[in-house]
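Computed from a predicted model, the values in this text were never measured in an experiment. So you know, we letter chains A, B, ... as the sequences are listed, proteins then strands, and number each from 1.
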Protein chains: 2
Amino acid sequence: MTKKLAKSAISQKRVLDAAARIFRDYGYAGTTMRAIADEADLRAGSIYYHYKSKDDLISAVLDIGIRAVTDNVEAALKSLPDTATGRERIEAAIRAHLSAIIEVGDYTLATRRALGQVPEAIRARNTRMRDQYGSVWQKILADAHERGEFRTSANLTLARLFILGALNWTVEWFKPGGRSIDDVAREFASVVLDGLSGNGATAAIAQEVPPPAKAKRSAPRISAA
Amino acid sequence: MTKKLAKSAISQKRVLDAAARIFRDYGYAGTTMRAIADEADLRAGSIYYHYKSKDDLISAVLDIGIRAVTDNVEAALKSLPDTATGRERIEAAIRAHLSAIIEVGDYTLATRRALGQVPEAIRARNTRMRDQYGSVWQKILADAHERGEFRTSANLTLARLFILGALNWTVEWFKPGGRSIDDVAREFASVVLDGLSGNGATAAIAQEVPPPAKAKRSAPRISAA
DNA sequence: TCCAAAACCTAACACTAGTTAGAAAATAGG
DNA sequence: CCTATTTTCTAACTAGTGTTAGGTTTTGGA
């Protein structure tokens, strides 16, 4: 049995992780193959052994970014009992979305920074994946509405845009070592469902401060606003 | 009276507007002086008569982006009567924020695309301006809370991040000719204050479709999700 | 130990970037 | 019309871009 092409998956991932970090910091056009190579402890030419072009690399990064979120949310929803309420589903989806984008934060941020500059064909494919994810949320909201859990005047499409916008923005300010994902998810769900003036049954948020988190190089801050 | 330096403000603005559109589409690194020149019907070298460098240009674009929002929101708040409720202030601020980022959409989008790639010093200054705007919102929410309009468990900081995240994301999906800014603002305020399950007094959103809007070249879509 | 496959490196190619100096054109007041 | 000022253009320079061909080292099984 001749196992011909079996590129070391680990060094390929090293390149990919490095690419995500550089794309995250410098966007698509601002990223040079030489910078990625530096980050991965390689020379520029060597990258082409693993990926056949810069476009090939950014494609892989973009796909991982959205797929991590989609898979995580769908798994979380599937693991809920059939008896779960709309509220429970929404809260679970928010938590799953948050933990996914924090987990693969480099890829998520790289997407936000680079997607707008990427060649048309690449962006089109990724956008299709993202729209598909949007329809998952549309379904969650529609189900909850049908169950009578929402006021009749609620505009589900606008609500979805509102929720996903707020969630996607979290990567800009969320820093590990501060608030826990669970707390943020709970409060977000509470705002979306009960509103700020409503009488949500939400417990007060405990300001936990876990281990100070290793000081890795992090993305440039964009400010909360 | 020797009026020496009085550069035509109009052709300077032509360059600036062109720069905003190109930065919006290609980010900071992806934007070339030659592309800006093309958009402004000039040759690359001529830009340097109005702005002394690429960094000088992006700085101007970034500042306009955040200042338009800050000024518009503060003006809207100031125009309210002292008797205005917290809800009214929040709704007014949302509407003002939305109309500002739609109005100067090229500059706002350029900011979102380019800010992360811009040289440190430039970003730092702009980030300070943005944080300042965040504190305006913090004050709006704190006032409403003190007036007893919020449930006691509400976390104002998270709520602010949530609201501003959702608002900033609107530039990705809002297109003139569809929903009106007023409708979006009203529904957003309703979600934030009453929640989806609360019994807000919000009127049903009318799906108005005004004049089809001139077909200018628009930013590449990023998908709602 | 030997050797083929895998992984990486070197050095270069064609091209494009921001920027500049100086010439040319447009403009406006007298 | 003349001329001084403002505005734009031309043409180039240096530095850095993605990519490639071909050589070198490393690796792991026989």
Taking only N/O atoms, report every protein-nucleotides 21-29 of chain C pair under 3.5 Å with atom names and distance.
none

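- Considering only side-chain atoms of A:Leu42, the nucleotide from C:dC9, D:dT17, C:dT19 that sits closest is C:dC9.
- Residues forming a ring pair (Phe, Tyr, Trp, His ring centres under 6.0 Å) with A:Phe162 (at least two apart in sequence, or on another chain): B:Phe162, B:Phe188.
- Summarising the geometry, the separation between OH on B:Tyr51 and P on D:dT8 is reported as 12 Å, rounded to the nearest angstrom.
- In this structure, CD on A:Gln117 lies 8.5 Å from OG1 on A:Thr31, to the nearest 0.5 angstrom.
- In the set C:dC8, D:dC9, D:dT19, the nucleotide with an atom closest to the side chain of B:Arg43 is D:dC9.
- The aromatic rings of A:Tyr133 and A:His97 lie tilted to each other, with the angle between the two planes from 30° to 60°.
- With A:Tyr28 as the aromatic partner, A:Lys54 meets the cation-pi criteria of under 6.0 angstrom to the ring centre and within 45 degrees of the ring axis.
- Atoms CG (B:Asp41) and P (D:dT7) sit 17 Å apart, rounded to a whole Å.
- Taking 4.0 Å as the cut-off between side-chain N and carboxylate O, B:Asp17 and B:Arg21 do not count as a salt-bridged pair.
- When rounded to the nearest whole Å, the span between NZ of A:Lys52 and P of D:dT20 equals 10 Å.
- Residue B:Asp56 contributes atom CG, which lies 10 Å from atom P of C:dT19 at whole-angstrom precision.
- A donor-acceptor pair is defined here as one N or O able to donate and one able to accept, closer than 3.5 Å; no such pair exists between the side chain of B:Asn72 and the backbone of B:Ala68.
- Put simply, CE on A:Met33 is 16 Å from C1' on C:dC15, counting in whole angstrom units.
- Taking only side-chain atoms of A:Ser53, from C-beta outward, the nucleotide of D:dT19, C:dT10, C:dT19 with the closest atom is D:dT19.
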Using nucleotides 12-15 of chain D, report all nitrogen or oxygen pairs with the protein that are shorter than 3.5 Å.
residue	atom	partner	partner atom	Å
D:dA12	N6	B:Arg34	NH2	3.4

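- Using a cut-off of 4.0 Å between Lys/Arg side-chain N and Asp/Glu carboxylate O, B:Asp63 and B:Arg125 are scored as salt-bridged.
- OP1 or OP2 of C:dC9 has at least one side-chain nitrogen or oxygen of A:Ser46 nearer than 4.0 Å.
- Between the side chains of A:Tyr48 and A:Asp56, no donor N or O sits under 3.5 Å from an acceptor N or O.
- Put simply, CG on A:Asp38 is 13 Å from P on D:dG16, counting in whole angstrom units.
- Between the CD1 atom of A:Ile47 and the P atom of D:dT20 there is a distance of 13 Å, given to the nearest Å.
- In terms of phosphate contacts, A:Tyr49 brings a side-chain nitrogen or oxygen within less than 4.0 Å of OP1 or OP2 of C:dA7.
- The nearest pair of heavy atoms linking A:Ala142 to A:Leu156 is CA-CD1, 3.7 Å.
- Note on B:His50: every side-chain N or O is 4.0 Å or more away from OP1 and OP2 of D:dT6.
- Looking only at distances, a side-chain donor or acceptor of B:Arg113 sits under 3.5 Å from a matching main-chain atom of B:Arg24.
- You'll find that the side chain of A:Tyr48 is closest to D:dT20, out of D:dC9, C:dT19, D:dT20.
- Checking C:dC8, C:dG18, D:dG18 against every side-chain atom of B:Lys54, the shortest atom distance belongs to C:dG18.
- Atom CZ of B:Arg14 and atom P of D:dT7 are 11 Å apart (whole Å).
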